[in-house]
6 protein chains.
Amino acid sequence: MFLHKSILVHDVRVQNPDPVFAEKLLEQYGGATGELTAALTYLTQSYHTENAGIRDMLQDIGTEELGHLEVIALLVEQHTNKASANLRDKAYQSTLFAIRGPGPHLVDSKGLTWDARYVNEGGHTVRDLRANIAAEAGALNTYEQLIAMTTDDGTREALRHLATREVSHTHMFMEALKTLNGLDQPMFGDLKPDDTVNLYFNMSSGPGADERGPWNREPAFQYIADPLQHEMQTSKGRAGNEMAPAEPHLDRSRASSR
Amino acid sequence: MFLHKSILVHDVRVQNPDPVFAEKLLEQYGGATGELTAALTYLTQSYHTENAGIRDMLQDIGTEELGHLEVIALLVEQHTNKASANLRDKAYQSTLFAIRGPGPHLVDSKGLTWDARYVNEGGHTVRDLRANIAAEAGALNTYEQLIAMTTDDGTREALRHLATREVSHTHMFMEALKTLNGLDQPMFGDLKPDDTVNLYFNMSSGPGADERGPWNREPAFQYIADPLQHEMQTSKGRAGNEMAPAEPHLDRSRASSR
Amino acid sequence: MFLHKSILVHDVRVQNPDPVFAEKLLEQYGGATGELTAALTYLTQSYHTENAGIRDMLQDIGTEELGHLEVIALLVEQHTNKASANLRDKAYQSTLFAIRGPGPHLVDSKGLTWDARYVNEGGHTVRDLRANIAAEAGALNTYEQLIAMTTDDGTREALRHLATREVSHTHMFMEALKTLNGLDQPMFGDLKPDDTVNLYFNMSSGPGADERGPWNREPAFQYIADPLQHEMQTSKGRAGNEMAPAEPHLDRSRASSR
Amino acid sequence: MFLHKSILVHDVRVQNPDPVFAEKLLEQYGGATGELTAALTYLTQSYHTENAGIRDMLQDIGTEELGHLEVIALLVEQHTNKASANLRDKAYQSTLFAIRGPGPHLVDSKGLTWDARYVNEGGHTVRDLRANIAAEAGALNTYEQLIAMTTDDGTREALRHLATREVSHTHMFMEALKTLNGLDQPMFGDLKPDDTVNLYFNMSSGPGADERGPWNREPAFQYIADPLQHEMQTSKGRAGNEMAPAEPHLDRSRASSR
Amino acid sequence: MFLHKSILVHDVRVQNPDPVFAEKLLEQYGGATGELTAALTYLTQSYHTENAGIRDMLQDIGTEELGHLEVIALLVEQHTNKASANLRDKAYQSTLFAIRGPGPHLVDSKGLTWDARYVNEGGHTVRDLRANIAAEAGALNTYEQLIAMTTDDGTREALRHLATREVSHTHMFMEALKTLNGLDQPMFGDLKPDDTVNLYFNMSSGPGADERGPWNREPAFQYIADPLQHEMQTSKGRAGNEMAPAEPHLDRSRASSR
Amino acid sequence: MFLHKSILVHDVRVQNPDPVFAEKLLEQYGGATGELTAALTYLTQSYHTENAGIRDMLQDIGTEELGHLEVIALLVEQHTNKASANLRDKAYQSTLFAIRGPGPHLVDSKGLTWDARYVNEGGHTVRDLRANIAAEAGALNTYEQLIAMTTDDGTREALRHLATREVSHTHMFMEALKTLNGLDQPMFGDLKPDDTVNLYFNMSSGPGADERGPWNREPAFQYIADPLQHEMQTSKGRAGNEMAPAEPHLDRSRASSR
C-alpha cells in the first residue's frame with residue numbers, strides 16, 4: 001500500500017518561471033533518464049526479488065523516486081502555470097504546454113512519450129542492480145546538464161538535491177551488489193563459459209584504431225590482432241572445412257521464384 | 001568503414017529445426033537485451049567518446065556484436081527455413097514466421113519491434129560504460145534462459161559462445177571503468193552533492209520492510225527511520241513554515257471553472 | 001512525498017499458480033487499461049488541477065491505484081514464482097516469463113510495453129474527469145474478462161476487489177464532474193459554437209444504416225439525411241462557387257515533376 | 001464501402017500561410033486528440049457493436065471525422081505549400097516540413113507518430129461511449145488552444161467548425177449512453193461489487209490534502225480518514241494475521257544468489 | 001468529404017469461425033502491411049500531390065482501401081463474434097479477443113499497435129509512388145500467407161479479392177510512375193551525383209560472397225573488388241593524408257575525465 | 001563476421017559547426033529514411049534470401065550503409081562537439097544535444113527514436129527489392145532537403161556522396177528486380193487473381209476528382225465510374241440479395257445491454 005503526504009521531499013520555489021526550460025525539465029518527468037523510469041524499475045524489480053533486504057531497499061528507493069517525480073512535476077507546474085495566463089506569450093507558445101496545458105506531461109523534452117522499453121529488469125538480482133547503477137548514471141548526467149541550463153536558484157537547489165540522491169542510490173546499489181559479488185566480478189548465474197572468455201578481438205583496425213589498455217592487455221586478456229585469421233584457423237582445426245559456417249543458411253527447398 | 005566476411009564468428013549448425021524456439025531466439029535479434037542493442041549502443045557511444053583507447057574498444061566490441069547478430073540471424077534462419085517448406089505444419093503456423101516469412105525479423109520474442117529507447121548512451125564515458133555493463137548483464141541472463149529451453153546441441157554451443165562473450169565484454173568494460181575511477185566510486189562529473197548524500201530514507205515500512213544491510217548501515221549511511229518526521233523537522237528549521245512545500249503549485253489565475 | 005507500507009490493500013493468496021493466466025494478468029500491470037495507466041493519469045492531472053478539492057481527490061485515487069498495481073504485481077509473482085522453479089514446465093515455457101523471469105513486467109498480455117500514449121490528460125479539469133471515467137470503464141471491462149478466465153478463488157477475490165474500486169472511482173469522478181456541470185452538458189470551455197451544433201449528418205447510408213434514436217432525433221438534433229446535398233447547397237449560398245472548397249490545395253509553384 | 005466526394009465539409013481558405021502554426025496543427029492530424037484518433041476509434045468500435053442504432057451512429061460520426069481529417073490536411077497544405085517554395089525561409093526551415101515536404105504527416109505537433117495506443121475501445125458499448133466522450137473532450141480542448149494561437153480568419157473559422165462538431169458528437173454520445181443507463185450510473189456489466197464499493201480512502205493526507213466534496217461525502221460515500229489503520233483492522237478480523245498480505249510473494253526455491 | 005455505404009466491396013461470409021485465425025487476420029487490419037497502412041498512406045500523400053491526375057488516383061485508391069479495411073473488420077468480427085459467446089472456449093481464450101472483446105482491434109497479429117512509422121510518404125511524387133509499390137508488395141505477400149492458412153471458403157474468397165486488388169493497384173502505380181519516368185530510371189529530383197555513381201563496392205567478401213550479376217556487371221557498373229584498397233588510394237590522391245578521415249571527431253576541449 | 005576499418009567511405013570535414021543543422025542531420029542517423037534503416041533492412045533481408053547473387057548484393061550494400069551511418073555520425077559529432085564546449089551557447093541550448101550530449105543519438109530530427117517498424121522485409125525477394133527501391137527514394141529525397149539547408153561545403157560534399165550512392169543502390173536493386181521479372185510486372189507469387197484485376201474504381205468523385213490517365217485508361221484498365229452502382233449490380237447477380245453483405249456482422253447472442 002502507498003500513502004501520499006503533502007510534504008515534498010525538497011522545497012519547490014521557482015522565482016523566474018521559464019516555460020522553455022520547463023519543456024527541457026520534462027526529460028526527468030517522462031524521459032528515458034527520468035524519475036518515472038527509476039521508480040517503476042525499482043518497484044517492478046522488487047516484486048521478483050527474493051533477497052528480503054534487497055527487496056526492501058528497492059522499495060525504499062523506488063518510493064523515494066515517486067517523491068522525486070512529484071518534485072519535478074511541481075517545478076514544471078511553477079515554470080508553466082503563470083506563463084499560461086498569457087496565451088500570447090511568445091516563449092510559452094513555442095512550447096508544447098501551449099497546446100497541452102500547463103503542468104507536467106508524460107513525455108521527454110522532445111515530446112516523446114515515456115515507454116516501458118526504458119525499464120531494464122528481470123531474471124536475476126545482479127542484472128537488476130547493474131541496470132540500476134546504469135539508470136542512476138543517466139539520471140545524474142541529465143541533471144548536471146539541466147542545472148547548467150538554468151539560473152533560477154530555487155530550481156537549481158531542487159535539481160541539486162535530486163542529483164545528489166542519484167549519487168546516494170548509486171552508492172547503495174554498489175554496496176548491495178558487493179554482497180552478491182557482482183560489482184567487480186563479470187560472471188553471475190550458471191553459465192559455463194567457453195574457451196574464448198579471455199580473448200580480445202581487434203575487430204576495428206587501422207590508424208588510430210589499435211589502442212591498448214587494461215581492457216585488452218595481458219595477463220587478463222589475450223589480444224587477437226587479426227580476428228579473421230584467427231577464426232579461419234580455429235574453424236579449420238575444428239571441422240576440416242573452414243568455409244562451412246558461411247553457407248548453411250541456404251535452403252533450395254522453397255519456391256524457385258523467391 | 002565496415003567490411004563483411006563470409007566467415008562466422010561461431011559455427012551455426014542446427015540439427016533439429018524448431019520454429020517455436022526460433023521465435024524465442026528473436027529476443028536476441030530484435031529484443032531489448034539482444035545483439036542489435038549492444039552493437040548500436042557501443043558504436044553510437046564511440047562517436048562521442050574522446051578517450052582514444054576507450055573509443056577503439058567500443059568499436060572493437062560493437063563490431064564484434066554485429067557478427068553476433070549475424071549468428072543469431074542464421075540460427076533463426078536454420079530453425080525456420082525447412083519448417084517453412086511445410087506451410088501446414090502446426091508448430092510453424094503458430095509462429096510469426098508463418099505470416100512474415102522464415103528468417104529473422106527485427107522484433108523480440110513477442111513480436112515487439114526493436115526501438116532505440118533500448119539504447120542508453122550519451123554525455124559522459126562513465127555513464128556509457130555503466131550502461132554497457134548493465135546491457136551485458138541483460139544479454140547474459142537472456143542467453144542463460146534460452147540455453148535452458150533448447151536441447152539442440154548446435155544451438156546450445158552457439159548460444160554458449162555468445163553468452164561467454166558477454167562475460168568477456170563485461171570484464172573489458174569493468175577494466176575500462178576502473179581507469180576512470182567509475183567502477184566502485186558512485187560520483188562522476190561536476191556535481192557538488194548536498195548534505196543528504198549519505199542519508200538512507202526508510203520510505204517503505206512495516207513488518208518485513210525494515211531490513212538492514214551494507215546499503216543502509218553506518219558509517220557509510222545514516223539511516224532515517226521516519227523520513228516524514230525528518231522532512232517536517234528539516235523544513236521547519238529551514239523556512240519557519242513547514243507546510244509551504246505542499247502548496248506552491250496553486251495558481252488561481254486561470255479560469256475558475258478549471 | 002510517498003510512503004510505502006507493507007500492508008496490501010487486499011489479500012493476495014493464489015492457490016493454483018498458472019503462468020499462462022499470469023501473462024493475461026499483465027494486461028492490468030502494463031496494459032492500456034491497467035493500474036499504471038490509472039495511477040499515472042490521475043497523479044499527472046493533479047499537478048495542473050487548480051481546484052483544491054478535485055486535486056486532492058486525484059491524489060487520493062492515484063495513490064490508491066499504486067496500491068492496486070502492487071496487488072497485480074504480487075498476483076503475477078505468485079502465479080509465476082513456483083512455476084519458474086521447473087524451467088521445463090511446458091505452460092511456463094510458453095509464456096514470456098520463461099525468458100524474462102518470474103514476476104511482473106511493464107507490458108500488456110501480448111508483450112507490448114506500456115507507453116504514456118495511454119494517458120489522457122491536460123488543459124481542463126472537465127476533460128480530465130471525462131478521461132478518467134473512460135479509463136475506469138476500460139479497467140472494469142478488462143477485470144470482468146479476467147475474472148471469467150480463472151477459477152482460482154484467491155485470484156478472483158482480489159480481482160473482484162480491484163474491479164469494485166473502479167466502480168467506486170467512477171462514482172467519485174461523476175460526482176466531481178457534476179460540480180463542474182460536465183456530466184451531462186456537452187460544452188465546456190470558451191468555444192462559441194457555429195450554427196451546425198445541432199445537426200446530425202447521416203454520413204453512412206443504405207439498408208440498415210439509417211437508424212434513428214435519441215442521438216439524432218428532433219428537437220435536440222436536426223437530421224440531415226443527405227449531407228452531400230446539404231453541403232453543396234450551403235456552400236453555394238455562402239460563396240457563389242460551390243466547388244471551391246475542393247481545390248485550394250493546388251499550388252503549381254513547385255517543380256513540375258512532382 | 002466508402003466514397004470520397006470533392007466537396008469539403010467546411011471551406012478551407014488560408015490567407016496568411018504560417019508553417020510554424022501548421023506544425024502545431026498536426027496535433028489534430030496525427031496527434032492523440034486528433035481527427036484520426038476519432039475516426040478510427042468510432043469505426044473500429046462499430047464493427048463489434050450489436051445495437052444497430054448505435055452502430056449506425058458510430059459509422060455516421062466516424063465517417064464525418066474522416067472528412068474533418070481532410071479539412072486539417074488541407075489547412076496544413078495551404079499553410080506550408082507556398083512557404084515551401086522558398087526553402088531558405090527561416091520559419092519554414094525550423095519546421096519538420098523542410099525535411100519531410102509540405103502537407104500533412106501522420107505525427108503530432110512534436111513529430112511523434114500516431115499510434116493506435118490512442119484508441120480506446122472494446123468489449124462493451126458503455127465503455128466505448130464513455131471513451132468517445134473523453135476523446136471528444138480532448139479534441140475540443142486542443143481546438144480551443146489552436147484557435148487562440150492563430151489570427152488567420154479562414155483557419156479560425158474552419159477550426160471553430162471542427163470544434164463545434166466535437167460538441168455535437170459529445171451530445172450524441174451522451175444521448176446514446178443514456179439509453180444504456182450509462183451516463184450517470186457508475187456500474188455496467190456483470191460484476192458483483194464487494195463491500196468496499198462506497199468507501200472513500202483518504203490516501204493522500206496532510207495540510208491541504210484532506211479536502212471534502214460531493215465525491216467523498218456521506219451518504220453516497222463513507223470516508224475512511226486513515227486507510228492504513230482501516231486495512232490493518234479489516235485484515236485482522238478476516239484472517240487472524242494482519243501482516244500476511246505483505247509477504248506471500250516470497251519463494252525461496254530459486255537459486256540463493258538471486 | 002467521405003460517405004459510407006452499407007454495401008461491402010466484397011461479400012463477407014464466414015462459415016467456420018476461427019478466433020485463432022482471426023488473430024492472424026489482424027495483420028491486415030492493424031499490421032504493417034495492412035489496409036490501414038495503405039489507406040492512410042495514399043490519402044496523406046494526396047494532400048501534397050500537385051499533379052491533379054495522380055492526386056485523384058491516390059484518393060480513388062485510398063478510399064477503396066478504407067472499404068478493404070472494412071472487409072477485414074467484418075471477417076474478424078464473424079470469426080470472433082460467435083466464439084465469444086462461449087467464454088470458456090479454449091481456442092478463444094488463447095487469443096487477445098478474450099480480454100479485449102470480439103471484433104477487430106488496431107493491432108497486428110502479435111498485438112503490436114499500428115503506428116504511423118509504417119507510412120512512407122512526402123516530398124516528391126516519385127518517392128511516394130515507389131513507396132506505394134513497396135507497400136502493395138508487402139500486402140500481397142501477407143495475403144498469400146493468410147490464404148494458405150485457412151480452409152474457410154468464404155474467407156479465402158474475400159482475401160483473394162483483396163489480394164487481387166493489391167495487384168491492380170500495383171499496376172496503376174507503375175503506370176503513373178512511368179509518366180514521371182520513375183519506374184526504371186533510378187534518378188529523380190535535382191541531385192548532381194558525384195563520380196562514384198556507377199561503382200559497385202564489394203563490401204562483403206569471402207567464399208560464397210563474391211557473386212556477380214546484372215546488378216554489378218559492366219558496363220552499367222564498375223566492380224570494385226577491394227573497396228578498402230580503393231578508398232585508401234582515392235583519399236591519398238585527394239588530400240595527401242589518407243588517414244585523416246578516421247580522426248577528425250576528436251576534440252580534447254571537453255573535460256578530461258570523459 | 002564484420003570488420004571495422006578506420007578509413008571513412010568519404011571525408012568528413014566540417015568547417016562551420018552548426019548544432020541546429022546537426023539536429024536535422026539526425027534524420028539520417030536515427031530517422032525513417034536514414035542509413036540505419038537501410039543497413040538493417042538489407043542485412044535482415046539477406047538472411048532469408050535464397051538467391052545467392054542477390055543475397056551477396058544485399059550484404060554488400062547493407063555493409064556499405066553501415067559505413068554511411070558512420071559518416072553521418074561523424075558529421076553530427078563535428079557539428080556538435082565544439083559547440084558543446086560553450087554550454088551557454090543559445091543555438092546549442094535549443095537542441096537536444098544540450099541535454100543528451102554531443103554526437104549522434106538514435107533519433108530522428110524531432111527526437112523520435114528509431115524503431116524497426118521502419119523496416120519493410122520478409123517472405124519474398126520481389127517484395128524485398130521493391131521495399132528497397134522505396135527506401136532509397138526516401139533517403140535520396142531527405143538528402144536533397146538537407147543539402148539545401150546547409151552552406152557548409154564539407155557537409156554538402158559528404159551528403160552529396162551519400163545521396164549519390166542511394167541512386168547507385170536504386171540502380172542495382174532495379175537490375176536485380178529485372179532478373180525476377182518484378183520491375184514492371186505487377187504480379188509475383190502464387191495468387192490466382194479474381195476477375196476484378198483490371199478494374200479501376202472511381203471511388204473519389206466530383207469536380208476535379210475524375211481525372212483520367214494511363215493508370216485508369218483502356219485497354220489496360222476498365223474504368224468503373226460509379227463503383228456503388230457496380231457493386232450493387234454485381235452482388236445482385238451473385239446472390240439474389242444485394243444487401244446481404246452489409247449485415248452479417250450482427251450477432252444478437254451476446255448480452256442485450258451491449
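Both backbone and side-chain heavy atoms feed into the values below; hydrogens, waters and symmetry mates do not. Per chain, numbering begins at 1; letters A, B, ... match sequence-line order.
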Of the listed residues (D/Asn198, D/Thr63, D/Leu183), which shares the most heavy-atom pairs with chain C below a 4.5 Å separation?
D/Leu183
I'd like to know which of D/Pro214, D/Pro227, D/Gly182 tops the heavy-atom pair count under 4.5 Å against chain C.
D/Pro214
d(D/Arg130 CZ, C/Met174 CE) to nearest 0.5 Å is 4.0 Å
Please tell me if the side chains of D/Asn216 and C/Met57 come closer than 4.5 Å, counting only heavy atoms from C-beta onward.
no
Let me confirm one number: the CG-CG distance from C/Asp184 to D/Leu177, rounded to the nearest 0.5 Å.
11.0 Å
Is it the side chain or the backbone of C/Ile133 that comes within 4.5 Å of chain D heavy atoms, both, or neither?
both
Within the 4.5 Å heavy-atom criterion, are D/Asp56 and C/Ser204 side-chain neighbours or not?
yes
Hey, which of D/Thr142, D/Thr196, D/Leu66, D/Asp195 has the most heavy atom pairs under 4.5 Å with chain C?
D/Thr196
Give the minimum heavy-atom separation between D/Ala131 and C/Ala134, together with the two atoms involved.
CA-CB, 3.6 Å
Which residues share a ring-ring contact (aromatic ring centres under 6.0 Å, His included) with C/Tyr143, sequence neighbours left out:
none
Look only at the side chain of D/Arg117 and the backbone of C/Ala32, and say whether a donor-acceptor pair between them is shorter than 3.5 Å.
no
In Å and rounded to the nearest 0.5 Å, what is the CE to CZ distance from C/Met172 to D/Arg217?
14.0 Å
Value rounded to 0.5 Å, distance of CE in C/Met187 from OG1 in D/Thr170:
10.0 Å
Select one option (side chain, backbone, both, neither) describing which atoms of C/Lys178 are under 4.5 Å from chain D's heavy atoms.
neither
Note, C/Asn141 side chain near D/Val126 side chain (heavy atom, < 4.5 Å):
no
Residues which pass side-chain hydrogen bond (donor to acceptor under 3.5 Å, both in side chains) with C/Glu64, listed by chain and number, not counting sequence neighbours:
C/His68, C/Arg165, C/His169
Would the distance check show the side chain of D/Thr164 and the main-chain N or O of C/Asp194 forming a donor-acceptor pair, the cut-off being under 3.5 Å?
yes
Pair count under 4.5 Å, heavy atoms only, with chain D: among C/Val14, C/Leu75, C/Ile54, highest is C/Ile54
Checked C/Glu121, C/His161, C/Lys5, C/Glu70 vs chain D; the most non-hydrogen pairs under 4.5 Å come from C/His161
Less than 4.5 Å to any heavy atom of chain D: does that hold for the side chain of C/Gln185, its backbone, both, or neither?
backbone
Can you check whether C/Leu228 reaches D/Ile7 side chain to side chain, under 4.5 Å on heavy atoms?
yes
Grab the two heavy atoms, one from D/Gly189 and one from C/Glu144, that are nearest each other, plus how far apart they are.
CA-OE2, 3.2 Å
Can you tell me which portion of C/Phe221 sits under 4.5 Å from chain D's heavy atoms? Options are side chain, backbone, both or neither.
side chain
Interface check, chain C: of D/Asn120, D/Leu199, D/Leu129, most non-hydrogen pairs under 4.5 Å belong to D/Leu199
Check: D/Lys192 and C/Arg160 side chains under 4.5 Å, non-hydrogen atoms:
yes
Ranking D/Ala163, D/Gly213, D/Ala73 by heavy-atom pairs under 4.5 Å to chain C gives rank one to D/Ala163
Under 4.5 Å from any heavy atom of chain C, what part of D/Leu140 do you find: side chain, backbone, both or neither?
side chain
Of all of D/Phe173, D/Phe2, D/Tyr200, which one pairs up most often with chain C through heavy atoms under 4.5 Å apart?
D/Tyr200
Hey, could you give me the CH2/CG distance between C/Trp215 and D/Asp60, rounded to the nearest 0.5 Å?
11.0 Å
Indicate yes or no: at least one non-hydrogen side-chain atom of D/Asp115 is less than 4.5 angstrom from one of C/Asp115.
no
